[in-house]
Amino acid sequence: MAGPLEILRRPRFLLVILLLGFFFLASPLFTSHKDVFRSSQRYSPLEIFGHQDVGYREVTPVVFHHKPIEINATSIQKIDLNPIVSSKDAAKKQEKVLLLTPLRDAAYHLDTYFSLLTNLTYPHELIDLAFLVSDSTDDTMGILATQLDRIQSSDVKGLPFRSVTIVEKDWGVTTSQDVEDRHAFKYQAPRRKAMARARNYLLATALKPEHAWVYWRDADIVECPGTIIEDLISHDRDVIVPNIWFHRGEIEGRFDYNSWQDTRKSKKLLKSLSPDTVVVEGYPEFDTGRKYMAKMGDWRKDQKEEMRLDGIGGVSIMVKADVHRSGINFPAYAFENQAETEGFGKMANRAGYEVVGLPNYVVWHIDTEELPKN
């Protein structure tokens with residue numbers, strides 16, 4: 001009797017196996033399963049096997065059983081920032097400017113401030129004003145409100161501005177605004193940090209999607225071209241500042257030493273300092289050896305001449321709004337050993353933006369010796 005292995009070797013047995021395999025492969029049952037396999041490469045298992053009918057359908061829709069989604073259109077706002085650009089033809093293109101002024105105990109300056117403000121030649125209907133009043137002990141708020149009401153209620157064509165916002169925020173700052181306190185070395189770092197917070201709060205509150213430019217302007221300017229907005233914008237720079245001097249009789253004094261270029265000496269000094277140290281200019285404690293724009297320039301020469309800056313002062317700054325939107329603000333901490341506007345200049349440079357000054361374009365600041373109590 002033949003064993004199992006001997007039967008498997010017989011030609012007749014092998015022929016029977018081959019015939020059975022051929023008939024199986026050619027059968028409809030195998031074909032339908034083959035099609036399902038191929039289809040499964042295109043559809044999910046739910047689409048393939050999620051039906052009970054005998055005839056196979058290639059696409060089986062999946063139905064989610066829930067109520068229709070309701071959209072409350074009145075609470076949804078779409079903002080398209082793509083059309084908002086900052087160009088040197090700002091007035092012609094109807095680009096809107098946000099003019100920002102932080103105030104603290106500024107009542108003495110406001111009459112002159114508004115006299116200069118109303119003389120701005122950039123179309124007032126394209127300018128939004130915003131003020132932050134903080135820790136004031138004088139009548140800053142009252143005078144501010146009175147002046148703004150006078151302007152905004154005026155029937156004089158072109159005088160009222162597009163809008164006005166007043167922000168009030170106190171931080172408990174008690175340092176006097178007298179020159180002795182304002183410029184004492186021990187108060188400088190805390191003072192600059194507090195000013196940075198004020199600027200950031202004002203910016204965060206007032207900046208709107210429609211703004212193309214942000215113009216920072218201090219309250220204690222006494223002489224300034226009415227065309228300053230157009231003049232600064234015409235350079236089409238990311239950040240630009242004029243030179244800041246003051247009059248003292250016949251003397252032309254240099255005021256703002258916060259607009260500067262770093263030098264080898266200053267860079268060496270910075271490497272030796274703790275990262276938490278805030279450097280302030282004009283004090284023997286920090287002999288930086290920087291190149292100051294205030295010591296350069298002449299208002300009688302070409303006012304369009306530019307110079308690159310690492311740090312900037314805050315008396316008058318024109319900024320493309322997208323620079324601020326990109327996160328470049330005023331550090332209320334030591335950023336590369338600088339704070340507030342000088343830290344802003346450092347941060348803008350670090351981010352790759354153009355930061356320039358105009359050494360021959362002079363804006364005149366009040367002489368601090370003319371202030372009350374000085």
Side-chain angles (χ1 to χ4, degrees), residues 179-196 199 216 218 235 237-246 248 251-299 301-303 305-317 319 328-365 367-369:
V179 172
E180 290 80 4
D181 285 344
R182 287 183 64 192
H183 297 287
F185 175 74
K186 66 178 180 179
Y187 294 127
Q188 288 310 297
R191 175 174 170 268
R192 299 300 296 277
K193 291 177 181 178
M195 291 169 63
R199 290 185 185 273
W216 293 91
D218 278 1
H235 288 260
R237 301 299 185 185
D238 299 319
V239 181
I240 189 167
V241 296
N243 212 342
I244 309 298
W245 294 4
F246 68 90
R248 183 173 296 170
I251 298 174
E252 295 178 349
R254 314 303 173 97
F255 183 82
D256 194 348
Y257 286 83
N258 294 331
S259 294
W260 39 257
Q261 291 178 348
D262 267 320
T263 61
R264 288 184 180 180
K265 182 177 180 179
S266 66
K267 291 177 181 178
K268 182 178 180 180
L269 172 65
L270 295 177
K271 289 181 180 180
S272 69
L273 300 175
S274 162
D276 294 326
T277 300
V278 175
V279 174
V280 290
E281 296 299 326
Y283 297 87
E285 288 83 354
F286 294 113
D287 182 14
T288 63
R290 283 166 167 159
K291 186 177 181 180
Y292 303 106
M293 185 169 73
K295 290 186 174 182
M296 304 170 60
D298 185 338
W299 59 268
K301 296 182 179 179
D302 180 13
Q303 295 190 349
E305 181 181 334
E306 297 180 352
M307 64 178 291
R308 185 192 60 79
L309 294 175
D310 294 303
I312 62 171
V315 176
S316 181
I317 315 171
V319 186
I328 312 303
N329 57 15
F330 302 90
Y333 54 91
F335 178 85
E336 296 186 3
N337 295 112
Q338 307 294 158
E340 207 225 346
T341 60
E342 292 164 289
F344 171 77
K346 284 274 192 175
M347 193 180 293
N349 274 291
R350 180 77 171 271
Y353 290 108
E354 300 170 308
V355 181
V356 303
L358 305 177
N360 299 327
Y361 192 108
V362 176
V363 169
W364 301 90
H365 191 277
D367 179 2
T368 52
E369 290 193 356

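Computed from a predicted model, the values in this text were never measured in an experiment. Because only heavy atoms are used, hydrogens play no part in the values below, and waters and symmetry mates are left out as well, while side chains stay in.
- For the pair N360 (side chain) and D298 (backbone), a donor-acceptor distance under 3.5 Å is present.
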* Would V315 and H365 count as a side chain to side chain contact (heavy atoms under 4.5 Å, CB included) if you check the C-alpha gap in whole Å, the side-chain angles of each, and the deciding distance to 0.1 Å? -> CA-CA 8 Å; V315 176; H365 191 277; 4.0 Å; yes
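- In this structure, F330 and A196 approach most closely via the heavy-atom pair O-CB, 3.4 Å.
- L358 places none of its side-chain heavy atoms less than 4.5 Å from the side chain of R237.
- Minimum heavy-atom separation, V241 to G313: CG1-O, 4.1 Å.
- For CZ of R264, the number of neighbouring non-hydrogen atoms (other residues, nucleotides, ligands) closer than 6.0 Å is 12 at most.
- One finds the CZ atom of R290 at 15.0 Å from the OH atom of Y257 (value rounded to the nearest 0.5 Å).
- Atom NE2 of H235 sits about 5.5 Å away from atom CD of E306, to the nearest 0.5 Å.
- With salt bridges taken as basic N to acidic carboxylate O contacts below 4.0 Å, one links D218 and R199.
- For the pair K346 and D262, the minimum side-chain heavy-atom distance is below 4.5 Å.
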* To do: Take E354 and I240, measure what side chain to side chain contact (heavy atoms under 4.5 Å, CB included) needs, and give me the verdict at the end.
  => CA-CA 8 Å; E354 300 170 308; I240 189 167; over 6 Å; no
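- Q261 places a side-chain N or O within 3.5 Å of a backbone atom of R308 that can act as its donor or acceptor partner.
- Going from atom OG of S266 over to atom CG of N337 covers 10.5 Å, rounded to the nearest 0.5 Å.
- V356 places none of its side-chain heavy atoms less than 4.5 Å from the side chain of M307.
- Separation of the F344 and W216 ring centroids does not fall under the 6.0 Å cut-off.
- T263 places a side-chain N or O within 3.5 Å of a backbone atom of G289 that can act as its donor or acceptor partner.
- Here the closest heavy-atom approach between residue Y353 and residue I328 is recorded as CE1-CG1, 3.8 Å.
- Side-chain atoms of E252 and W299, non-hydrogen and from C-beta on, do get closer than 4.5 Å to each other.
- Within the 4.5 Å cutoff, the side chain of E340 has no heavy atoms near those of the N258 side chain.
- By the 4.5 Å heavy-atom criterion applied to side chains, R192 and T341 are counted as neighbours.
- Taking all atoms of both residues into account, the shortest heavy-atom contact from A294 to W245 is O-NE1, 3.4 Å.
- Contact annotation: the side chain of T288 approaches that of E281 to within less than 4.5 Å [non-hydrogen atoms, C-beta and beyond].
- Using a distance-only test at 3.5 Å, with no hydrogens or angles considered, no donor-acceptor pair links the side chain of N243 to the main chain of K295.
- The shortest heavy-atom contact between Y361 and Q303 is CD1-OE1, 3.6 Å.
- With a 4.5 Å cut-off on side-chain heavy atoms, P331 and Q338 do not count as touching.
- For the pair P242 and V363, the tightest heavy-atom approach, listed with the atom from each and the gap, is CG-CG2, 3.7 Å.
- Between atom CE of residue M293 and atom CZ of residue R254 there is a gap of 11.0 Å, rounded to the nearest 0.5 Å.
- Under a 3.5 Å cut-off, the side chain of D287 and the backbone N or O of L269 do not form any donor-acceptor pair.
- Using a distance-only test at 3.5 Å, with no hydrogens or angles considered, no donor-acceptor pair links the side chain of D276 to the main chain of A334.
- F255 and F246 have perpendicular rings, their planes meeting at more than 60° on a 0 to 90° scale where under 30° would count as parallel.
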